[in-house]
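Below is one structure, written out as structure tokens; the observations come after it.
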Amino acid sequence: MIRQKLWALQSRYAPYFFVSPFIALFSVFMVYPLCRSLVLSLYKAASPRSMKFVGLDNYRFLLRDWAFRGAVINTFYFAIVFMSLQIPLSLALAVALNGRRVYGRMFLRFAFFSSHLVGNVFVAIIFSMMLTPRHGLINKAIGAVFPFIGTETQWTAKPLLAMPAIVMASLWLSVGYGMIYFLAALQGVDRELYDAAEMDGAGRWDRFRHVTLPGLKPVLRFLVLVGLIGAFQLFELPFVLFGQTAGPAGYGSTIVMYLYFMGFDAGDAGFASAVGWVLVLIILLISLLQLRGLRAGRDD
Amino acid sequence: MSFHLGKPILVMLILTAVTGAAVISRRDPPAKRLTLWVFADSHFTTYQPALTAFEKKTGVTVDLQIVQVHAMGRRLQAAFADGLTGPGVPDLVEMEVGQVGKFFRPPLPEVGFEPMTALLKKSGWYDQIVESRYAPWTKQGEIFGVPHDVHPVGITYRDDLFRQAGIDLSGAQTWPQFQRRCLQFQQYWAAHGYKTRHAMELYSTRIDLLTIMLLQRGINLIDDHHRIHLADPKVAQVMAFYAQCVAGPQRIGSESGEGDGPLARDLLEGNLCAFFTPDWRIGLLKEYGGDALSGRLRFMPLPRFDPTDAPTATWGGTMIAILRSSTHKEEAWKLIEHLYFDRAGVEARRTFTQILPPVKSMWQDPSYHQPDDYYGGQHVDEMLIELAGQIPPRFVTPASNIAGVYLQMVLTKAARRVERRQGTDGLEVACQGWLDTAAADLADRMKQWEFEEDSPKASAVTP
Amino acid sequence: MRRFFYHLALFSLALISLTPFAWLVCATFKSKDDFFAYTFLPWNQPGRWTLSNYRFLFQHYPFAGWLINSVFVSCAQTVIVVTLSSLAGFALAKYEFRFKKSLLIVMLTTMLIPYQVMLPSMQLMMYRLGWINSYAAIILPGAVSVFGIFLFMQAMKLVPDELLHAGRVDGCSEFRLWWEIALPIVRPMIGAYTLLNFMANWNSFLWPQIILQNERKYTLPIGLTNMMSLPEFQTPYGVLMAGTLLSILPVVILFFIMQRDFIAGLASGAVKG
């Protein structure tokens, strides 16, 4: 009798049991801190104990702060340049590897993907050595291939080279990653469609445009969204590469770095929260724009 | 029953258990009486024998920890903000000059370090220490730390290469003379096929060296009365000179990479043939340069802009402070005396670094009057001592770092202008204009948070 | 001929992509004097190669401790997150219950919010809880993965209802249905998700950097970045590289073991998501 009751109980309440640990953690470590940070962004904080309500002052200051503007510009610059290089490069590699008779495909796939196994922090450490003027691997290679540029490029000291250095490191990190996704999608494209297109006399390019690309759309959408969100959260690479500073003349600073310096160097948790909410806004806007762009793209 | 979350998870579960046991069973080393944080590897190494001696002498045990310099700033910030005490918080810290500014933001009684003026005066050490070295650690007349060093700056150069080019570098009295000789040097070597032989190491965006030149002229961007000197005509003048040294056709400098390792290599290969040399850099140079450079270098004081300028300035600096929250202040003070004032302790320092102590009486020691073979028999320590007395005071305020950021912005603009126009026409006027704007903006910022005890916005962007 | 150049191009690109690894491995065997003097290694003077960097790494730094800490934190977090996500994903895919809709909506809205916005408020919370310097402050918040739950939810929708019914008729508890019927079906996805998660945890830097304040408690990324310092102080180049290599190695090994699972799972997840 009791057993039966227990049995009925467990089957009835099972879903609640299954989600309850998650819900507990979710509310404590996600919902609560989110709400708290929204409130916090209206305060000026010097320590966990001393806080002062300032209304929208933090946001007001943010909007006219040149250091924040610089960080936003750097972040956008990175996101745009990085994405517009990563996606085509990944796609090109995937198409190249997807050819009918490619030898050593396993090896190539591993070779291109392996750099993704290295974490951001470690990439930054490696690159900080490889970018050394005259003695670093990258500069030596540049000097060997392009003697007119020479080996003296000051990647981490020249403001205008700060972000290109970060883009370079990021590309090494993630081109192979994108490639894996594209490869999987390419293998999913129906062979018969190709054959049909070939029979219709479609050229190589036409086949790519009308058969391959549409098949890649879901992956493309996924990679762009994930890539953009990641790009706007850029932190570790520049932070470590520039020795925990904002880079040459602040040209290596990003939104999250700015948040970090404000919240944990200067110690104003309120102001840092305000920076965080601006970041939220930016990411939400971009996601919305992308969704809308896709919808428009689907109509034609 | 098999494990349906998959082998990887099973393995990780086991690893969690094993490492978790290791983490939990890991016992903290026995608690020591005092905790001291340092940020420099060389200090960490030198203090160890000194601490053993200290423990033997007084019975007070010391836990010496090395903490990355930026991390130390953040951790102390957190500790002060939270009013923390106990195991995570040290009794004493060695603080770097670039990190200390923000800790002077609160009103005097709330600064997290113990005031030291009275202690220094009572113990009699006050007068023995180079007076100008108190300046960075002082707020409104109260001293919060004991200086570790003097850090006078001169220039080290590849004597053999300059000699081969027929150029007497150390004869240059003024900066413009110095630059001309450097240009001649580069022309000579370019004509002999060395196109990438630069006269010296100069930073094109970091402002350390520009700040040194300014300090030679007695200029702190923000002085001890919180007055802004960014728009001083001398700043524009020095800025214009410096910008055309690092950019454009008159360029005499280039940069090296992370740390002093690449610099030593560049010096050896003759890519960079001179560099600004505070005493702490001599030790690093010998460490990374090895025997290959020995005897080929010479040391000289800094050239000046004006005969009234100092032939030196200071670069970097460390102090030791007792935290207000420490419960063993007397023992902490004893430790400071042992590490900083005790002859044996300071001697130990010399075996690893060539850093000059700030205690004047120690300079009498014969070891400071020996020829230095690395520098071809020059009496480098004597030259450093000679310079040490002439360093203009350097002040640190909560806004000093942000003022540096403004300086960096203007320097970037100036260097770009020189690069674009390949010349210096009207450069000084342009610099003055930018500096005026920057000074006004900085004043605005400082006014905004000057009267509040919490003023985070200013020091937030670390240069 | 064309095919030859095609392969030549591909393989040289692959070589370029692998060069930094080769450089890194070489760098760990170079002495201080050779570090910048030789691009890779002094090949013709094997006598100059040295293991001293590794020795120094373990003697002078608590590197072994960092390694243990990293393994502990990453493994614990991964185990918890995979278990919880698959449980919740199962519930959301196969059951109807109250608040399910609203829960899904709340979860969806948080998906796009970058976690950095919570850093300050979470730090304050950890202060209040007294969790500064504790691994709980890293592991528990990391156990919340809305993304993971959606992933599992999608995958578990493919579990046939008839199988679950049959299980119930056989007297399986709901928990056993999850364990013995649902999990084996989504097994490939678990592999990929596990590896992705482990990698993210292994490399995670920003939050642990805020929480861990004691050198003995550092994880690898924190410990290593703190070995790099300002230009004015000594950077032990070779030692730093040795530490970096040893930090990368575990992930590479894990990847080799799980390569097939991983790529299959990754692809299926992406194409659907």
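In what follows, every chain begins at residue 1, and chains take the letters A, B, ... in the order their sequences are listed.
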Option in C/Gly89, C/Ser173, C/Ser86, C/Gly142 with maximal non-hydrogen atom pairs under 4.5 Å from chain A: C/Ser173
Interface residue of largest heavy-atom contact number with chain C, from A/Ser287, A/Pro15, A/Ala272, A/Ser273, under 4.5 Å: A/Pro15
Options C/Ser247, C/Pro20, C/Ala9, ranked by heavy-atom pairs under 4.5 Å with chain A, top entry: C/Pro20
Working for side chain to side chain contact (heavy atoms under 4.5 Å, CB included), residues A/Asn120 and C/Asn203: CA-CA 7 Å; A/Asn120 275 309; C/Asn203 298 325; over 6 Å; no
Interchain contact, A/Ser20 with chain C, by part (heavy-atom threshold 4.5 Å): neither
Option from A/Val256, A/Asp268, A/Ile255 for which side-chain contact (heavy atoms from CB on, under 4.5 Å) with A/Val275 holds: A/Ile255
Contacting moiety of A/Leu216, where chain C heavy atoms sit under 4.5 Å: neither
Heavy-atom contact with chain C under 4.5 Å, split by part of A/Val28: both
Crowding at CZ, A/Arg105 (>12 non-hydrogen neighbours, <6.0 Å): yes
Part of A/Ser41 within contact of chain C (heavy atom distance under 4.5 Å): neither
Residue among C/Trp23, C/Phe36, C/Tyr95 with most heavy-atom pairs under 4.5 Å to chain A: C/Trp23
Pairwise distance OG(A/Ser115) to CZ(A/Phe110) - rounded to 0.5 angstrom: 9.5 Å
Heavy-atom pairs under 4.5 Å with chain C, option from A/Leu40, A/Leu284, A/Val123, A/Leu108 with the top count: A/Leu108
Part of A/Tyr103 lying under 4.5 Å from any heavy atom of chain C: both
Parallel, tilted or perpendicular: rings of A/Phe239 and A/Tyr260 (30°, 60°): perpendicular
Contacting moiety of A/Ile125, where chain C heavy atoms sit under 4.5 Å: both
Which atoms of A/Tyr32 approach chain C - backbone, side chain, both or neither, heavy atom under 4.5 Å: side chain
Per-residue contact mode, A/Arg101 against chain C (heavy atom under 4.5 angstrom): both
Part of A/Trp277 lying under 4.5 Å from any heavy atom of chain C: both
Within-4.5 Å side-chain heavy-atom neighbours: C/Ile132 and C/Ile211: yes
Chain C contact via A/Leu117 - which portion, at a heavy-atom distance below 4.5 Å: both
Part of A/Phe232 lying under 4.5 Å from any heavy atom of chain C: neither
Interchain contact, A/Val39 with chain C, by part (heavy-atom threshold 4.5 Å): neither
C/Tyr237 side chain near C/Lys30 side chain, heavy-atom distance below 4.5 Å: no
Choice from C/Val146, C/Leu112, C/Leu84 maximising heavy atom contacts with chain A below 4.5 Å: C/Leu112
Centroid separation C/Phe175 to A/Phe17 less than 6.0 Å: no
From CA spacing to verdict: side-chain hydrogen bond (donor to acceptor under 3.5 Å, both in side chains), C/Ser70, C/Trp202: CA-CA 6 Å; C/Ser70 262; C/Trp202 187 261; 5.8 Å; no
Top of C/Lys94, C/Arg168, C/Lys100, C/Arg98 for chain A proximity - count of heavy-atom pairs under 4.5 angstrom: C/Arg98
Largest heavy-atom contact set with chain C, pairs under 4.5 Å, which of A/Leu34, A/Leu38, A/Leu259: A/Leu34
A/Tyr13 atom OH: more than 12 heavy-atom contacts under 6.0 Å: no
Proximity breakdown for A/Ile283 and chain C, heavy-atom pairs closer than 4.5 Å: side chain
Interface moiety of C/Met126 toward chain A, non-hydrogen atoms closer than 4.5 Å: side chain
Structural part of A/Leu25 lying under 4.5 Å from a heavy atom of chain C: both
Heavy-atom pair count under 4.5 Å with chain C, highest-scoring of A/Gly119, A/Ala111, A/Gly276: A/Ala111
Options C/Leu24, C/Thr110, C/Thr244, C/Leu206, ranked by heavy-atom pairs under 4.5 Å with chain A, top entry: C/Leu206
A/Phe122/C/Leu224 under side chain to side chain contact (heavy atoms under 4.5 Å, CB included): CA gap, chis, key distance, verdict: CA-CA 8 Å; A/Phe122 306 118; C/Leu224 286 178; 3.5 Å; yes
Contact origin within C/Ile248 toward chain A - heavy atom pairs under 4.5 Å: side chain
A/Met168 and A/Ile138, any side-chain heavy atoms less than 4.5 Å apart: yes
Greatest number of heavy atom pairs closer than 4.5 Å to chain C - which of A/Val240, A/Leu183, A/Leu97: A/Val240
Chain C interface, residue from A/Gly263, A/Pro21, A/Ser11 that has the most non-hydrogen pairs under 4.5 Å: A/Ser11
Pairwise side-chain contact, C/Trp207 with C/Ile210, heavy-atom cut-off 4.5 Å (strictly under): yes
Parallel, tilted or perpendicular: rings of A/His116 and A/Tyr177 (30°, 60°): parallel
Close aromatic pair by centroid cut-off 6.0 Å: A/Phe18 and C/Trp179: no
Part of C/Phe255 lying under 4.5 Å from any heavy atom of chain A: side chain
